Amino acid sequence: PGPSIIAVKWGTATFYDDCNDFIPQSFPAGTGFVEDANCVHLLVNEGTDDLEVIVMQIVPLGAPRRIDEPAP
């Protein structure tokens with residue numbers, strides 16, 4: 001329903017989204033990125049260290065916070 005702004009506090013986040021052909025993108029601690037609302041996406045911790053992220057979602061008033069897709 002709206003974009004998310006993600007900051008990586010600890011660890012390394014690996015981000016996959018269909019707007020980028022699910023090519024993995026790595027974001028180490030101290031970096032961040034914007035997640036497009038119109039793309040199916042997945043954020044994972046593929047490392048051995050703990051991962052902590054801070055997420056701010058920009059969602060219109062009254063809109064759901066997520067839109068689920070059917071399992072592939």
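Sequential numbering from 1 along the given sequence is applied to the chain's residues. Small disclaimer: the values here were computed from a predicted structure and weren't measured.
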Output for pair (E35 CD, L42 CG), nearest 0.5 Å, gives 10.0 Å
S4 OG to H41 NE2 distance, which is reported to the nearest 0.5 Å
6.5 Å
Give me the atom names and distance for the closest heavy-atom approach of [X] to [Y].
X	Y	answer
A37	P3	CB-N, 3.7 Å
G11	V8	O-CG1, 3.6 Å
A13	L51	N-CD1, 3.8 Å
T12	S26	CG2-CB, 4.1 Å

Are F22 and V44 connected, step by step, through hydrophobic side chains (Ile, Leu, Val, Met, Phe, Trp, Tyr) whose heavy atoms are closer than 4.5 Å?
yes
Are the side chain of D21 and the backbone N or O of I23 linked by a donor-acceptor pair below 3.5 Å?
no
Using 30° and 60° as the class boundaries, would you call the ring planes of F15 and F33 parallel, tilted or perpendicular?
tilted
Report yes if some heavy atom in the side chain of [X] is under 4.5 Å from a heavy atom in the side chain of [Y]; otherwise report no.
X	Y	answer
I6	I54	no
V55	I5	no
N20	Q25	yes

Quick one, V40 with Y16, criterion side chain to side chain contact (heavy atoms under 4.5 Å, CB included). Give me CA distance, side-chain angles, the key distance, then yes/no.
CA-CA 8 Å; V40 175; Y16 299 86; over 6 Å; no
